[in-house]
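Read through the structure below, which is laid out as structure tokens, and then see the notes.
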Amino acid sequence: MPGRAPPEPPRPEPPWDSGPGPSGGRSGGTSHESPHESWPEPPRNASPQPWPGRSGGPSPQPPRESPRGLSRRASAEPPRESCPEPSRNASPQPWPERSGGPSRQPSGESPPGSSRERSGSASGKPSQERRPQAPPVPSPDRGARRGPGAARPGPEDLVRAARAAGVRDERVLEALRSVPRDAFVPRAEAGSAYRDAPVPLPHGQVTTQPSLVALMVEALGLTGGERVLEIGTGYGFQTAVLARLAGEVVSVERLPDVAGRARRRLSRAGIGNVSVSTGDGTLGVPERAPYDAVVVSAAFPEVPGPLVGQLRTGGRLVQPIGPGGREQVRQYERTPRGLVLRRTVVSARFVRLYGVHGYPPGTEP
């Protein structure tokens with residue numbers, strides 16, 4: 001055929017032709033294909049395929065030149081070991097980078113005490129166990145219940161309350177410490193005796209708050225030999241404190257049964273320099289006058305005249321001034337010109353003062 005190259009010397013027949021010729025046939029020998037059949041040219045980067053109809057794999061290709069340094073690095077690396085596929089029943093192993101750590105468990109199963117049971121989390125990460133928290137420590141409260149090992153409340157609690165209220169006279173504080181208040185309150189209120197708070201009495205009356213007692217007694221300025229007139233005995237706690245600081249105490253109580261209880265309690269406490277009478281406190285006790293000091297434990301807008309007349313010149317009088325319920329405890333001094341206000345001791349709340357020179361009996365609010 002025209003255009004065909006001269007025949008070459010015989011050589012082994014390759015698996016495929018070297019390439020198409022100008023006429024579209026294959027060079028290097030007579031073609032056995034049909035004149036209308038042609039094989040597609042394999043792509044350049046494709047792996048060689050075997051000749052059709054011949055057994056055996058592809059013939060080896062000449063080795064390609066590896067990039068510089070690749071073959072050297074590959075030869076220096078040790079042969080990689082293939083990891084055998086774990087069997088289905090094999091126990092799971094820890095991850096190599098977490099040697100010694102907890103192993104992963106199959107899904108749906110958790111060992112006893114695992115983090116999932118402790119924290120309820122499904123993440124599988126170990127979590128810290130919750131430590132039991134200590135119960136909150138209650139703040140100290142004199143009114144709260146105390147444990148078996150705690151010190152019981154006592155007179156020292158009242159001394160601290162008086163100091164906090166502003167009492168500085170050590171004689172007054174010592175008298176407050178030496179009088180057992182639980183002996184001068186109703187039996188049902190004995191557990192509250194050492195709270196710095198009023199205690200209810202019969203007939204709607206109340207005792208005076210201990211720190212307020214200390215403030216009023218301190219304002220009298222007692223030195224030890226005075227005769228003191230007290231209006232409103234109650235159950236006798238303030239009376240007992242006055243008896244520790246003065247030479248003699250004359251006390252007047254409007255309610256007979258309350259006065260009787262006060263006498264018995266003072267007697268059991270061994271206090272002998274006290275006399276308790278029943279009557280109208282606004283009239284005082286003129287037969288025992290004059291007095292070096294007068295203390296009134298009920299409220300009225302002004303000082304009753306008889307009490308001023310029974311106070312000696314230079315003597316002090318302390319009384320809550322007001323309508324009852326919102327008062328100012330004031331300190332007065334008797335001078336030749338009359339009663340003079342010296343200072344306001346404290347603001348407080350008191351029951352009303354009843355009598356001829358006070359509120360009429362039966363007008364309780």
Side-chain angles (χ1 to χ4, degrees), residues 175 179 184 201-203 205 207-208 213 216-267 269-321 324 329-336 338-340 350-362:
V179 176
F184 295 94
L201 298 178
H203 307 288
Q205 304 296 301
T207 66
T208 305
V213 168
M216 295 176 69
V217 171
E218 183 183 47
L220 294 175
L222 302 176
T223 59
E226 297 88 353
R227 177 183 293 172
V228 180
L229 175 63
E230 179 190 37
I231 307 302
T233 311
Y235 268 30
F237 176 70
Q238 180 177 267
T239 313
V241 173
L242 289 168
R244 294 284 195 274
L245 300 170
E248 183 183 358
V249 179
V250 178
S251 186
V252 181
E253 173 56 49
R254 181 173 65 95
L255 302 170
D257 58 329
V258 175
R261 291 188 177 96
R263 291 190 194 99
R264 290 191 295 271
R265 292 169 188 272
L266 290 166
S267 177
I271 300 174
N273 58 338
V274 172
S275 64
V276 178
S277 61
T278 303
D280 184 353
T282 65
L283 298 176
V285 185
E287 61 270 21
R288 305 288 295 272
Y291 300 99
D292 301 298
V294 177
V295 58
V296 182
S297 300
F300 192 65
E302 60 185 29
V303 179
L307 302 183
V308 179
Q310 296 172 26
L311 181 65
R312 71 169 179 84
T313 302
R316 293 180 177 181
L317 184 147
V318 176
Q319 176 182 327
I321 302 298
V329 178
R330 294 178 179 176
Q331 180 200 62
Y332 296 90
E333 183 180 351
R334 172 78 184 269
T335 68
L339 201 64
V340 178
F350 283 83
V351 297
R352 285 182 168 186
L353 176 65
Y354 295 98
V356 175
H357 298 276
Y359 289 101

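The structure presented is a predicted model; accordingly, all values stated were derived computationally and were not measured.
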Closest contact, heavy atoms only, L283 versus H357: CD2-CD2, 3.6 Å
Would you call R330 and I321 a side-chain contact if the rule is heavy atoms closer than 4.5 Å? yes
Taking only Lys NZ, Arg NE, NH1 and NH2, and the carboxylate oxygens of Asp or Glu, determine whether E248 and R227 approach each other closer than 4.0 Å. yes
Given side chains that start at C-beta, do those of E218 and L220 come closer than 4.5 Å, heavy atoms only? no
side-chain contact (heavy atoms from CB on, under 4.5 Å), paired with L242, selected from N273, V274, V228: V228
At their closest point, which heavy atom of F184 faces which heavy atom of A240, and how far apart are they? CZ-CB, 4.0 Å
Among side-chain atoms of T239 and E230, is any donor-acceptor pair under 3.5 angstrom? yes
Is there side-chain contact between V295 and V217, with at least one heavy-atom pair below 4.5 Å? no
What's the spacing between T233 OG1 and R265 CZ if we round to 0.5 Å? 13.5 Å
Shortest non-hydrogen contact from H203 to V258? CD2-CG2, 4.1 Å
Is R352 close enough and on-axis enough to Y359, meaning under 6.0 Å and within 45°, for cation-pi? yes
Strictly below 4.0 Å, N to O, side chains only: are D280 and R254 in salt-bridge contact? no
Do you know which two heavy atoms are closest between E253 and G234, and how far apart they sit? OE1-N, 3.0 Å
Within the 4.5 Å heavy-atom criterion, are V351 and Q205 side-chain neighbours or not? yes
What do the steps show when you test E226 against Y291 for side chain to side chain contact (heavy atoms under 4.5 Å, CB included), and what is the final call? CA-CA 8 Å; E226 297 88 353; Y291 300 99; over 6 Å; no
State, to 0.1 Å, how close R316 and L311 come at their nearest heavy-atom pair, and which atoms those are. O-CD1, 3.7 Å
Sidechain-backbone polar pair: Q331 side chain, A219 backbone, donor-acceptor under 3.5 Å: yes
Is any side-chain heavy atom of T207 closer than 4.5 Å to a side-chain heavy atom of F237? no
What closest approach, in Å, do F350 and P320 show between heavy atoms, and which atom pair accounts for it? CD1-CB, 3.5 Å
State, with a plain yes or no, whether a side-chain heavy atom of Q319 is found less than 4.5 Å away from one of V329. no
Please examine the side chains of L353 and V296, heavy atoms only from C-beta on, and report whether any two atoms are closer than 4.5 Å. yes
With the side chain counted from C-beta on, respond yes when L317 and L307 share a heavy-atom pair under 4.5 Å apart, and no when they do not. yes
Is it true that Q238 and S297 share a donor-acceptor pair across their side chains at a distance under 3.5 Å? yes
What's the separation between atom OG in S277 and atom CZ in R288, rounded to the nearest 0.5 Å? 8.5 Å
How far does OG1 of T282 sit from OH of Y354, to the nearest 0.5 angstrom? 13.0 Å
